[in-house]
Amino acid sequence: TGSSTVRSRAEVDEGLRSYMLGVYNYMSGGIALTGLVSYLTYQMAVANPAVAQALYGSPLKYVIMFAPLAFVFYLSFRVYQMSVSSAQIAFWGFAAVMGLSLSSIFLVFTGQSITQVFFVTAAAFAGLSLYGHTTSKDLSGFGSFLIMGLIGIILAALVNLFLQSSALMFAVNVVGVLIFAGLTAYDTQQIKDGYFAIRGDSTALAKGAIMGALNLYLDFINMFTSLLSLLGNRE
């Protein structure tokens, strides 16, 4: 009986490792695709003023700005009615559209500061995600507080589209860093705990990995953009 328990625990640990690795692989691939699309879009805009005008100076910029949000809602509400391949396509489509949305950062900030802030964000994300994965403390109590804070900064950012207040934007970015740092640890623990509820269903595991990657991707990207606004050197 003792050896059976040990084998069972080893199988669970191996399954969890494989699941979390899949989540991080999706997330890393999504970030890489976003970066590539973002940089290529920026290069096209620099080379062709008409493209720059269409992307950054016409009403199309609002479509590009809010398109990633539409993908997030679509995946969140439809993922469990979709096939795994459709969910994967939607995730990669989201990452590509996010690249379009973020391409303007290359016009605003220096390439060196973008690189530096990216690696700072990656280091912070790794530490926070590791904490969420390994801690024995239940972080679920922080979830509602973090979600309320997230809603608050989204609303404040939307209001600031019209106010254009530098003080409000500074506050949004500072609070954003704290909120998304907390969400990184919280979401990692939720993804880990969620594995044990679906580990016997390969389809649910595949879709769960995509949704877990989406959550961590959003934590990373939002923490990166908030830090970039605070620490980045402007062109």
Side-chain angles (χ1 to χ4, degrees), residues 1-34 68-69 71-95 98 121-151 178-224:
T1 303
S3 62
S4 297
T5 302
V6 171
R7 283 198 301 272
S8 177
R9 288 175 178 172
E11 289 170 359
V12 168
D13 289 344
E14 182 57 38
L16 179 60
R17 280 195 294 269
S18 177
Y19 180 70
M20 294 303 294
L21 181 62
V23 170
Y24 288 123
N25 283 342
Y26 272 123
M27 178 206 149
S28 301
I31 290 172
L33 178 59
T34 295
L69 188 61
F71 269 91
V72 170
F73 281 122
Y74 178 74
L75 268 169
S76 298
F77 289 110
R78 292 286 302 165
V79 65
Y80 293 108
Q81 285 75 49
M82 303 163 65
S83 66
V84 173
S85 59
S86 296
Q88 290 172 332
I89 291 171
F91 176 79
W92 299 123
F94 160 76
M98 183 63 89
T121 307
F125 176 90
L128 291 162
S129 189
L130 179 62
Y131 172 77
H133 183 76
T134 58
T135 185
S136 58
K137 183 177 181 179
D138 184 6
L139 303 178
S140 58
F142 296 99
S144 57
F145 171 77
L146 292 169
I147 296 301
M148 284 171 32
L150 174 60
I151 293 171
L178 299 176
I179 292 294
F180 289 109
L183 281 172
T184 297
Y186 169 78
D187 285 337
T188 301
Q189 187 177 80
Q190 292 297 300
I191 293 166
K192 176 186 174 182
D193 292 345
Y195 163 80
F196 295 100
I198 59 174
R199 65 186 181 188
D201 186 335
S202 60
T203 301
L205 284 171
K207 294 179 180 179
I210 293 170
M211 290 307 297
L214 176 64
N215 287 332
L216 292 182
Y217 172 102
L218 289 170
D219 295 337
F220 181 96
I221 288 294
N222 283 290
M223 188 158 51
F224 166 71

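Basis for what follows: all heavy atoms, side chains included, without hydrogens, waters or symmetry-related copies.
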* Are F142 and Y186 near enough that their ring centres are under 6.0 Å apart? ->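 No, they do not, as the ring centres are separated by 6.0 Å or more.
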* Please name all residues satisfying side-chain hydrogen bond (donor to acceptor under 3.5 Å, both in side chains) with S129, sequence neighbours left out, ordered by chain then number. => Y24, T188
Identify the heavy atoms of [X] and [Y] that sit nearest to each other, and give their distance.
X	Y	value
N222	L218	ND2-O, 2.7 Å
I198	A204	CD1-O, 3.5 Å
I210	V84	CD1-O, 4.1 Å
L16	H133	CD2-CE1, 4.2 Å
L33	A95	CD2-CB, 4.0 Å
Y80	M211	OH-CG, 4.5 Å

Look at the aromatic rings of [X] and [Y] and report parallel, tilted or perpendicular, splitting at 30° and 60°.
X	Y	value
Y195	Y19	tilted
W92	Y26	tilted
F94	F91	tilted

Check: [Y] and [X] side chains under 4.5 Å, non-hydrogen atoms:
X	Y	answer
F220	L216	no
D193	Q189	yes
M98	Y217	yes
R78	S86	no

* To do: Using the test ring pair (Phe, Tyr, Trp, His ring centres under 6.0 Å), find all partners of F180 that sit at least two apart in sequence or belong to another chain.
  => none
Say you draw a straight line from [atom1] of [X] to [atom2] of [Y]; how long is it, rounded to the nearest 0.5 Å?
X	Y	atom1	atom2	value
L75	K207	CG	NZ	11.0 Å
L146	L139	CG	CG	9.0 Å
D187	L128	CG	CG	11.5 Å
L21	S28	CG	OG	9.0 Å
Q88	M82	CD	CE	10.0 Å

* To do: Say whether Y131 and T184, considering side chains only, have a donor N or O and an acceptor N or O under 3.5 Å apart.
  =>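 Side-chain D/A pair, Y131 to T184: absent.
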* Donor-acceptor under 3.5 Å (S76 side chain, V72 main chain) ->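 Side chain of S76 to backbone of V72, a donor-acceptor pair under 3.5 Å: yes, one is there.
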